[in-house]
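Take a look at the structure set out below.
Residue numbers count from 1 along this sequence. Both ligands and their constituent atoms are indexed starting at 1 by order of listing.
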Amino acid sequence: MTTPSPELPADPATAGEPAMRNGEGFLPGADGSAAPAPDDLALPVSGRRVLTRADGQPARVGELPAGTDWVPIGTLDGVPAWAAEVAEAAGSDQPTGRWRSWRSLAAELPEPYATAAGRALAVVTWRRTHRWCGACRAELADVPGETSRRCPGCDLYVPMRLSAAVLTAITRPGPAGGPDELLLVRHAYGPTELWALVAGFVEAGETLEAAVRREVGEEVGLAVDRVAYFGSQPWAMSGPGTLLTGFTATAADPTAEPVVDARELVEARWFPLDALPAELPPAYSISRWLIDATVTAGGR
Ligand SMILES: [Zn+2]
């Protein structure tokens, strides 16, 4: 597995593949049958931030206050990992260290730890926002061994759900003798300075491929052919429980120009693959892996 880092671009051949083999990397789980051990990995969460040691390295359970309400989230290289919701306010009994955004963690720490931190954020947020039964208002109870809850009143089963989103790298042939061109867009909100890919959430009742065609049509008014799956990445920036899936596609009409949906985008433009803008998505994102892979493929 390639570990994407700010220094080294991901190997496009494996960029979308999961980090794990034979128990290495981060494996999500919910096994809370054994109590947390002092050397287990600790991922305290407050709001949208995760606590690390002051030196930026992952914290251990033994470094946090006794009595912390730990929730199992899986294993990292075989070591159990635990999350907990804690208050960020200063105080003598508060944990010391650095509260970090997932963006900061993903940019600086190895990919498996960033994935674990993303799951910690997702699980803690889900537990805070799914406390009561939506059908009968009773307080939900944890289902042991699962990231899910059940209603003691009406038996409603409440699993933690994922939102799937699609990102698409759309290319078209360049002018005669020139390299292919890639469509990049700038969004009206979020990191507005970046040139990014067309993206959006999948609707219920829709395949991933249909979501690609719909989002491309809605956001830039283009039809696409040869929609092909590239890879996926758990993503903790757009809210809890998001799975990004990446696709490549070609413009159905190579002469068509994008027409932007001004609610979501401010600009859309074709760029030759040898002259992409500098303001691209970060090296730890599947958006960037897709763009880099497209450049590599177009350069053959
Ligand atoms: Zn109920």
Give every protein N, O or S atom lying under 2.8 Å from the Zn ion (ligand 1), naming each by residue and atom. C133 SG, C136 SG, C151 SG, C154 SG
Least distance between heavy atoms, I73 atom then A83 atom: CG2-CB, 3.8 Å
Does the plane of the ring in Y284 sit parallel, tilted or perpendicular to the ring in W235? Use 30° and 60° as the thresholds. parallel
State the CG-CG distance between L105 and L51, to the nearest 0.5 angstrom. 10.0 Å
Aromatic ring proximity F247/F230, centre distance under 6.0 Å: no
I291 with L194, same ILVMFWY side-chain cluster at under 4.5 Å: no
Check the angle between the aromatic planes of W126 and H130 and answer parallel, tilted or perpendicular using the 30° and 60° thresholds. parallel
